[in-house]
Amino acid sequence: MPKTGSTALQGFVRKNGQVMAGAGLHYMETGRRRTEGQGRLASSHNLIAFHMNQTDQPVTALREAMAREYAEHEDKACLVSSEMLYSVDLHKLAEIFAEIPAREMRIAFYCRRYSDFFEADYKQRAKNGRLAGGGSEYIRTQLDEIRAHPERFSFASAAARIRSAFPGVSLVPMLYERSEMANGNIVDDFLDRIGVQLPLGSKTETSSNPSHSRAACEAFGVVTRAMGRKKSRQLRRRAVDDPVMMRKNDVLEPEERTWLDSFMANEDVSFHQEFFPDRTQLFAPVRLSMHDQSFRRDTAAEYQALRQASEIVFRMALEG
């Protein structure tokens, strides 16, 4: 699923292809080439989603290539990874894997705390200049949508959709809780879950993306709309030593966060009981600092933070 460390995992397995092969994992090339048989391999299999979402062409070539490559490497764990596959037509996606026996496939995905995902998704949209209306209006609209149609956002519904499209395939949901991950990072945790053991001395630590503040994300969104996504991404990679640029828990107000986590947990009782029966709660309770507990949107302090973040971002853009 999106916003669960997939970029770090994909970057690691692509960069360490030979090491991974020696450990028993093959990162499938089908679906990662921009031009069939040519060009540098992409980090992820997002090209499959692009193909499905942007064309009406049949997936025959992809299905045949996937089956051939799997047959060549079936002695290893063969990995296909893309957060974008979560949002495609799953029945059409299943056609690409139709020649691989269902009993030999597993669909693994990380589930992130509802409020944390909401914040991460909001900030990504803000940075990409894709917030419809004002920030608070977007948040209220999304919360109303969740309240009216929780089945569109629950893990239980996601599992049901996957099972409908991939009958007989095993589902392996995992919780995106860094404190509970193997060695505290996504790479070690995922490899451990699928039974791939790296050679002693292999380093899997990856740098996590900084948690930009809501104000910073909205300022980057202005640059995206004015100067393009490439320029905005370049600016975001530059370290800025200013507290106004980095912050967590600054999208949902505390009461909204509590409501969302409780409301969706009730929607996912069956998912919780099936896949995580030993856990008292699907996700551990959030303990907000006093600073975070006092957070409110649309206050004088928040408008001041947006002004300061905008000045910093626009100055960086002008400096090139």
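- Taking all atoms of both residues into account, the shortest heavy-atom contact from I48 to M66 is CD1-CE, 4.1 Å.
- In this structure, the side chains of E83 and T4 stay at 4.5 Å or more apart for every pair of heavy atoms.
- Clustering ILVMFWY residues whenever any of their side-chain heavy atoms sit less than 4.5 angstrom apart, transitively, puts V269 in a cluster other than the one holding F263.
- Using cut-offs of 30° and 60° for the angle between ring planes, the Y110 and Y176 rings count as perpendicular.
- Counting only heavy atoms from C-beta outward, the side chains of D268 and H272 never approach each other to under 4.5 Å.
- With hydrogens and angles disregarded, a donor-acceptor distance shorter than 3.5 Å links the side chain of R32 to the backbone of A42.
- Heavy atoms only, all atoms of each residue included: L90 and L85 are closest at CD2-O, 3.6 Å.
- Taking 4.0 Å as the cut-off between side-chain N and carboxylate O, R63 and E99 count as a salt-bridged pair.
- Annotation for K15: atom NZ does not count as buried by contact number, only 12 or fewer foreign heavy atoms lying within 6.0 Å.
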| message | Pair E267, F155 - check side-chain contact (heavy atoms from CB on, under 4.5 Å), show working. | response | CA-CA 9 Å; E267 187 71 17; F155 299 131; over 6 Å; no
| task | Mind running salt bridge (charged side-chain N to carboxylate O under 4.0 Å, His left out) on E274 and R163 for me, showing each step along the way? | result | CA-CA 14 Å; E274 178 179 359; R163 281 174 165 159; 2.4 Å; yes
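- Aromatic ring orientation, F97 versus F166: tilted (interplanar angle from 30° to 60°).
- With respect to D116 and R113, a salt bridge is recorded, a charged nitrogen being found less than 4.0 Å from a carboxylate O.
- Across every non-hydrogen atom of A71 and E74, the tightest pair is O-CG, 3.7 Å.
- Other residues, nucleotides and ligands place no more than 12 heavy atoms under 6.0 Å from the NZ atom of K248.
- Listed for the S310 side chain is a donor-acceptor partner under 3.5 Å among the backbone atoms of L306.
- For the residue pair V187 and A8, the shortest heavy atom distance occurs at CG2-O, 4.1 Å.
- Looking only at distances, a side-chain donor or acceptor of S202 sits under 3.5 Å from a matching main-chain atom of P199.
- By the 6.0 Å contact criterion, CZ on R106 is open, its count of non-hydrogen atoms from other residues, nucleotides or ligands being 12 or less.
- Between L47 and G31 the shortest heavy-atom distance is CB-O, 3.4 Å.
- Side-chain contact between R247 and S211: absent, with no pair of heavy atoms (C-beta onward) separated by less than 4.5 Å.
- Counting non-hydrogen atoms of other residues, nucleotides and ligands closer than 6.0 Å to CZ of R287 gives a total of 12 or fewer.
- Under the 6.0 Å cut-off for aromatic ring centres, F153 and F118 do not qualify, their centroids lying 6.0 Å or more apart.
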| task | Determine, stepwise, if the pair E253 / R257 fulfils salt bridge (charged side-chain N to carboxylate O under 4.0 Å, His left out). | result | CA-CA 6 Å; E253 295 182 359; R257 175 181 287 274; over 6 Å; no
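- The closest side-chain heavy-atom distance from I162 to V169 is not below 4.5 Å.
- At a threshold of 4.5 Å between side-chain heavy atoms, the hydrophobic network of Ile, Leu, Val, Met, Phe, Trp and Tyr places L288 and L252 in two separate groups.
- Looking at residues two or more places apart in sequence or on another chain, you find no salt bridge (charged side-chain N to carboxylate O under 4.0 Å, His left out) involving E64.
- Atom CG of L260 is separated from atom CD of E119 by 11.5 Å, given to the nearest 0.5 angstrom.
- Remark: side-chain polar atoms of D189 are paired, donor with acceptor, to backbone N or O of A182 under 3.5 angstrom.
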| said: Pair F220, M245 - check side-chain contact (heavy atoms from CB on, under 4.5 Å), show working. | reply: CA-CA 11 Å; F220 284 126; M245 297 295 290; 4.0 Å; yes
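- Atom-to-atom distance recorded for C78:SG and H73:NE2 is 7.0 Å, nearest 0.5 angstrom.
- Listed by first then second residue, pairs satisfying side-chain hydrogen bond (donor to acceptor under 3.5 Å, both in side chains) with a partner in residues 215-226 read Y122-E218, R214-E218, T224-S232, not counting sequence neighbours.
- A continuous path of ILVMFWY side-chain contacts below 4.5 Å connects V19 to L9, so both sit in one hydrophobic cluster.
- In this structure, the side chains of M246 and D241 stay at 4.5 Å or more apart for every pair of heavy atoms.
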| Can E151 and R161 be said to form a salt bridge (charged side-chain N to carboxylate O under 4.0 Å, His left out), step by step? | CA-CA 11 Å; E151 72 282 354; R161 291 194 298 271; over 6 Å; no
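- A donor-acceptor distance shorter than 3.5 angstrom exists from the side chain of D89 to the backbone of H91, with no hydrogens or angles considered.
- For residues 16-28, the pairs satisfying side-chain hydrogen bond (donor to acceptor under 3.5 Å, both in side chains) are H26-E69, with sequence neighbours left out.
- Within the 4.5 Å cutoff, the side chain of F117 has no heavy atoms near those of the M264 side chain.
- Salt bridge status for E177 with R112: absent, with no side-chain N to carboxylate O gap under 4.0 Å.
- Considering all non-hydrogen atoms of both residues, A165 and A94 come closest at O-CB, 3.3 Å.
- Under the 4.5 Å side-chain heavy-atom criterion for Ile, Leu, Val, Met, Phe, Trp and Tyr, L41 and L79 are members of distinct hydrophobic clusters.
- The closest side-chain donor-acceptor pair between Q10 and S81 falls under 3.5 angstrom.
- Electrostatic pairing of E145 and R140 does not count as a salt bridge here, judged by no charged N lying under 4.0 Å from a carboxylate O.
- In summary, E256 and R297 engage in a salt bridge, as defined by a charged side-chain N under 4.0 Å from a carboxylate O.
- With rounding to the nearest 0.5 angstrom, the OG1 atom of T299 is 8.0 Å from the OH atom of Y303.
- With a 4.5 Å cut-off on side-chain heavy atoms, T7 and S43 do not count as touching.
- Here E72 does not pair with R68 in a salt bridge; the nearest charged N to carboxylate O distance is not below 4.0 Å.
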| How far apart are the C-alpha atoms of V59 and L93, what are their side-chain angles, what is the distance that settles it, and do they pass the side-chain contact (heavy atoms from CB on, under 4.5 Å) test? | CA-CA 8 Å; V59 297; L93 177 66; over 6 Å; no
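- To the nearest 0.5 Å, atoms OG (S6) and CE (M84) are separated by 11.0 Å.
- Taking CG of D298 as the reference point, atom OG of S136 lies at 3.0 Å (rounded to 0.5 Å).
- Salt bridge status for R296 with E255: present, with a side-chain N to carboxylate O gap under 4.0 Å.
- Following chains of ILVMFWY side-chain contacts shorter than 4.5 Å, one can reach M174 starting from I194, so the two form part of one hydrophobic cluster.
- In this structure, the side chain of S262 does not engage the main chain of W259 through any donor-acceptor pair within 3.5 Å.
- Here the side chains of I312 and V244 are in contact, with some heavy-atom distance below 4.5 Å.
- With respect to K123 and D250, a salt bridge is recorded, a charged nitrogen being found less than 4.0 Å from a carboxylate O.
- Between F275 and F271, the ring planes are tilted. Angles from 30° to 60° get that label.
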| request: For side-chain contact (heavy atoms from CB on, under 4.5 Å), just list the numbers for K231 and V223, CA-CA rounded to whole Å, side-chain angles, deciding distance to a tenth of an Å, and then say yes or no. | output: CA-CA 7 Å; K231 180 65 175 180; V223 173; 4.2 Å; yes
